[in-house]
Every structure is written in structure tokens, then in C-alpha cells.
Amino acid sequence: MNIQVIVPLVIFLIAIFAIGLIASKQMSTGGGFLQEYFLGGRELGGFVLAMTMVATYGSASSFLGGPGTAYTVGFGWILLAMTQVVTGYFVLLILGKKFAILGRKYNAVTMIDFLKARYNSPAVAILSAIAIIIFLFSAMTAQWVGGGRLIESLTGLEYTTALFIFAISVLVYVTIGGFRAVALTDAVQGAIMVVGTLILLIGVIIAGGGVPAIMQDLLNENPRLVTPFGADGSLTAAYVSSFWILVGVGVVGLPQMAIRAMSYKSSRAMHRALVIGTIVTGFIMLNMHLIGVFARPVMPGIDVGDKVIPLIALEVLPPWLAGIVLAAPMAAIMSTVDSLLLLVSSAIVKDVYLNFIKPDATEKRVKQLSFGITGILGIIVLLLAIQPPDLLIFLNLFAFGGLEAAFIWPIVLGLYWKYGNKYGAILSMITGIASYIAIHFYNTTYGNLLGVHTVTIPVVLSLLAYIIGSLTIERKVYRF
């Protein structure tokens, strides 16, 4: 065990514990426990809002899988990854004021609250809760596996021990502090991501002899590494362009991102978050993927892409500094996991229990249940992550795309199209999820249909289903 690497990580975990405790003491129930626990009292400022969106979106794939793929594919993957820059901008621009205003009007604490009130339909709420619990549960489990593997590779501990350390760290501050703790820790973790990215980029460039030398090495190895089409020419214009739907505009349909558009305290905070979030996302995405490509001449022959960032950090930086830098991927994983954990918990407590089982539950009972469900979910995910079933890992590969295909039009058109109704929403969700899964299987077997990303066609089909369902099944107009 390299103590110099471990000490900064331990300090980081202690800081996360402290933030969770502070957030729990600051928790105010003036607006109700649910508003506070699941939305932070709708009091997020611009900086915290921006950083919690960046940190929630940035996950193991942004700091481990993405750079690892860039290591293999080359500059073409950087071009594809940069479509993510507009993520936070689109979420706040499209949802923005209207989503927050209607959320307050309906007293909505979760995205499902909004959908249930907008469409006046328990079926929409139940279908939404099922989609969120299934898809995000699987995605969350895979993230926990990533957190355990990262601690394992850095410390030399057994995987189960490393996973237990990671799980306890997340569960304590999420269970005790709720959304406010998640948002505050996300702000800290986002700052760590920025600093760690910059330090590691500088270290890799120095180790490679400067950018010109690195570029020459890449050209000597394979000239296609520096083209937009990838090392093997597989990145077509159609695929790269359509990928923007998955990681750009389509992110509006992700529940963990949409809920943040309900949590800010003022228009000024939202506008500030638009600017800060776009800049920070662009900085992290560009430079982390650049590190992946630049690492190829510095450390050739890495066979597992997920190992690129830990290995290159330990190679080009002093151990103590590598420990600080590697807190960045740890922060990315933790910040994604905590948001998913709280979202699934809210779907069970607020959207299922309070809406359909016991609407008159006391606040004390709701508080106990929220703490208990969050803790139980974390323990279940921990047990699944010890020996994760293939099905969960498989679901994680298309979980985000499935959620986007299910929710993007019920959310967006529910805000902006007065003719949208519950039949359109239900038909859109079912069509989006079913077509996404079917096309995913087709693409896995026969190659990408029409050469575009899997999410593209389901998003179009779910749009048509929403319009057809709203206009033909029932000609009733819902006005705000």
C-alpha cells in the first residue's frame, strides 16, 4: 500500500463526512421535510447548482471509461465527447424558469410529482417510478463497482473491503444530509475534478516531452489517431452527430438532471449556473479526454482502458500529488452515485408510498422512512456490487438512453405544448423504452441501424407517439 497516495484520499473522504454532518445540522423543515431532504429547500445558488449538475453528470465514464476510450480511438473520441459541453446549458435553458415555477405551483418535490400533476394521471406516475427504479438502480450498481475497483487499484485492498469503504462514505452523507449534502459535496467534488484534471494534463504533457512531441509520436504510430474518424475509421459523421442526442439535448430527459432545474433559489442563480456549468463541463471533458490520448505515447500498451487514468497519474506525478489528482475520478463516481441513490429513494418514498400507499403519513414517519429507505437501498446496491449480475451491467450500458427515450417528450412537451395529455405521455414512454431496447439488441447483433446512435430512432418514435396519443386518443386540452 502506497501511504502517500492513500493519505490524500482519506482526507478527501473525511471532508465528505464532515460536509454531510454540517448539511444535516443546517437542514430546515420550514418548507417541509420532503422539500428539504429531496430538493435542499429549493435554495441552491448559481455556483452550487452548476457544480452539482456537472458533478452529477460527470461519472466513472467521464473520468475512467471516456479517457480510456480516447486512449484507444484517438482525437475522434475527443470530438465526440465534446458534444457534452452543452449538457447543463440545455437542461437549464429548456426547463429553466417554467419547470421551477410549475414545480412550485404543483408543490412538486420530484420529477414524477410534476408529471403526475401535469397529466393528472396515476398511470403516468407509476410508469415513471418503475422506469426510474429499474434503470437507475442498475446504473447505480455499476457505478459502485467502479468506485470499489478504483479504491482497490490505488490501495491494494481486497475488492470487497474497498467497496465497503466506498459504500459507507456515500451512505453516511447522503442518508444524513439529503439533497443539501449531495449538492454541497458535489460542489467540492466538482472543484476537485477541475483541479485534478489540470494537474494531470500538465503532468502528462511534461512526461511526453511537450505537445508537438506527443503529436509526432501519435502520427508515427497511426496517422488516423489524430483524425476525426478514429484509429480504425469507425467514427462516422452520422454516428458522431447523433451521439449529441444522447449526451447533449437528450440529457433534458434524465431525472437526475431535470430535478436540479427545480432546486435553484432565483433566476439570477439559474443564469449564473448556465455560464459556470458550460465552462466547467467543457474544461473537464476536453482535458480529461486529451489526457487519455496524450497518455498513449507516454505509457503504450495499456490493455484495459479503465486503468489509463490511475496508471498515468501514478506514472507522471509524485505519489502524494497522484493521490490528490485521483480524488477527481473518485469524486466523479461518488457525486453520480449519491444523486442516483437519492433519486431512487425519492421515487419510492414520495412517488409510490405517499402517493399510493399512505398519503396521510405524518412528517415524522416520512422522515424515518426516507432515512431508512435510502440506507436500505445503499445496502442492497452494496450486496449486488460484490458480485454484480451480468444483467445489471448490461442494463447500465443503455440505462441513460432508455430514460431519455422515456422522459424527454413528456417533460419538454408537457411544459410547452398545451395539447399534450396523459395518453400521449403514456404512449410516448412505452414506445420510447420498448423501441430503445429492441434497437439496442439489433445494433448489438447487426451493427448500428442507419449508422446512427441507438438513442436516435427511439427519441423520434417517442415524439411521434406523444403527438399521436395526445391528438387522437382524447381531444382534451390541458391549459396552465
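Basis for what follows: all heavy atoms, side chains included, without hydrogens, waters or symmetry-related copies.
- Among residues two or more places apart in sequence or in another chain, the side chain to side chain donor-acceptor pair (under 3.5 Å) test is passed with Glu158 by none.
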Quiz prompt | Intermediate values then yes/no, side-chain contact (heavy atoms from CB on, under 4.5 Å), Thr454 and Thr444 | solution = CA-CA 10 Å; Thr454 307; Thr444 303; over 6 Å; no
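- By the 4.5 Å heavy-atom criterion applied to side chains, Leu290 and Ile205 are not counted as neighbours.
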Exercise. Test side-chain contact (heavy atoms from CB on, under 4.5 Å) on Arg296 and Asp217 and set out the steps.
Key: CA-CA 9 Å; Arg296 190 174 179 113; Asp217 288 340; over 6 Å; no
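- Annotation: Tyr353, atom OH; neighbour count of heavy atoms from other residues, nucleotides and ligands within 6.0 Å is above 12.
- Here the OH atom belonging to Tyr71 is positioned 14.5 Å from the CD1 atom belonging to Ile291, to the nearest 0.5 angstrom.
- Nearest heavy-atom pair, Leu225 versus Thr72, reported as atom, atom and distance to 0.1 Å: CD2-O, 3.9 Å.
- Interatomic distance, Leu317 CG to Ile206 CD1, rounded to the nearest 0.5 Å: 9.0 Å.
- Listed here is the closest heavy atom pair of Gly401 and Val455: O-CG2, 3.8 Å.
- Met299 has its side chain out of reach of Val316: every pair of non-hydrogen atoms, C-beta onward, lies at least 4.5 Å apart.
- Using cut-offs of 30° and 60° for the angle between ring planes, the Tyr239 and His453 rings count as tilted.
- Heavy-atom minimum distance, Ala313 versus Leu200: CA-CD1, 3.7 Å.
- For the residue pair Leu382 and Ala167, the shortest heavy atom distance occurs at CD1-CB, 3.9 Å.
- Enclosure of atom CZ in Phe164 is not indicated, since only 12 or fewer non-hydrogen atoms of other residues, nucleotides or ligands lie within 6.0 angstrom.
- When atom types are taken as modelled, the side chain of His289 and the backbone of Met285 share a donor-acceptor pair closer than 3.5 angstrom.
- Interatomic distance, OG1 of Thr281 versus CD1 of Ile276, reported as 11.0 Å (0.5 Å rounding).
- Two residues are said to be in side-chain contact when any heavy atoms from C-beta on lie closer than 4.5 Å; Phe407 and Leu254 fail this criterion.
- Summarising the geometry of Ala213 relative to Gly208, their closest heavy-atom pair is CB-O, 3.6 Å, with the distance given to 0.1 Å.
- Between the CD1 atom in Ile437 and the NE2 atom in His440 there is a gap of 9.5 Å [rounded to 0.5 Å].
- Summarising the geometry, atom CD1 belonging to Ile214 is positioned 12.0 Å from atom CG belonging to Leu219; distances are rounded to the nearest 0.5 Å.
- Among all heavy-atom pairs drawn from Ala295 and Val308, the shortest one is CB-CG1, 4.1 Å.
- Note that the CG atom of Leu201 and the CG atom of Asn287 stand 5.0 Å from one another [nearest 0.5 Å].
- Evaluation of the side chain to side chain donor-acceptor pair (under 3.5 Å) rule for Gln216 yields Asn220 as partners, not counting sequence neighbours.
- Contact annotation: the side chain of Leu80 never approaches that of Val73 to less than 4.5 Å [non-hydrogen atoms, C-beta and beyond].
- Legend: residues meeting side-chain contact (heavy atoms from CB on, under 4.5 Å) with Ile279, ordered by chain and number and at least two apart, are Val275.
- With sequence neighbours excluded, no residue forms a ring pair (Phe, Tyr, Trp, His ring centres under 6.0 Å) with Phe294.
- Residue pairs meeting the side-chain hydrogen bond (donor to acceptor under 3.5 Å, both in side chains) criterion with at least one partner in residues 196-212, sequence neighbours excluded, are absent.
- With sequence neighbours excluded, the residues that form a ring pair (Phe, Tyr, Trp, His ring centres under 6.0 Å) with Phe166 are Trp144.
- Residues Leu235 and Pro228 are not in side-chain contact: their nearest non-hydrogen atoms beyond the backbone lie 4.5 Å or more apart.
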Practice problem: Walk me through it: do Ile302 and Ile312 pass the test side-chain contact (heavy atoms from CB on, under 4.5 Å)? | Solution: CA-CA 10 Å; Ile302 299 177; Ile312 197 67; 5.8 Å; no
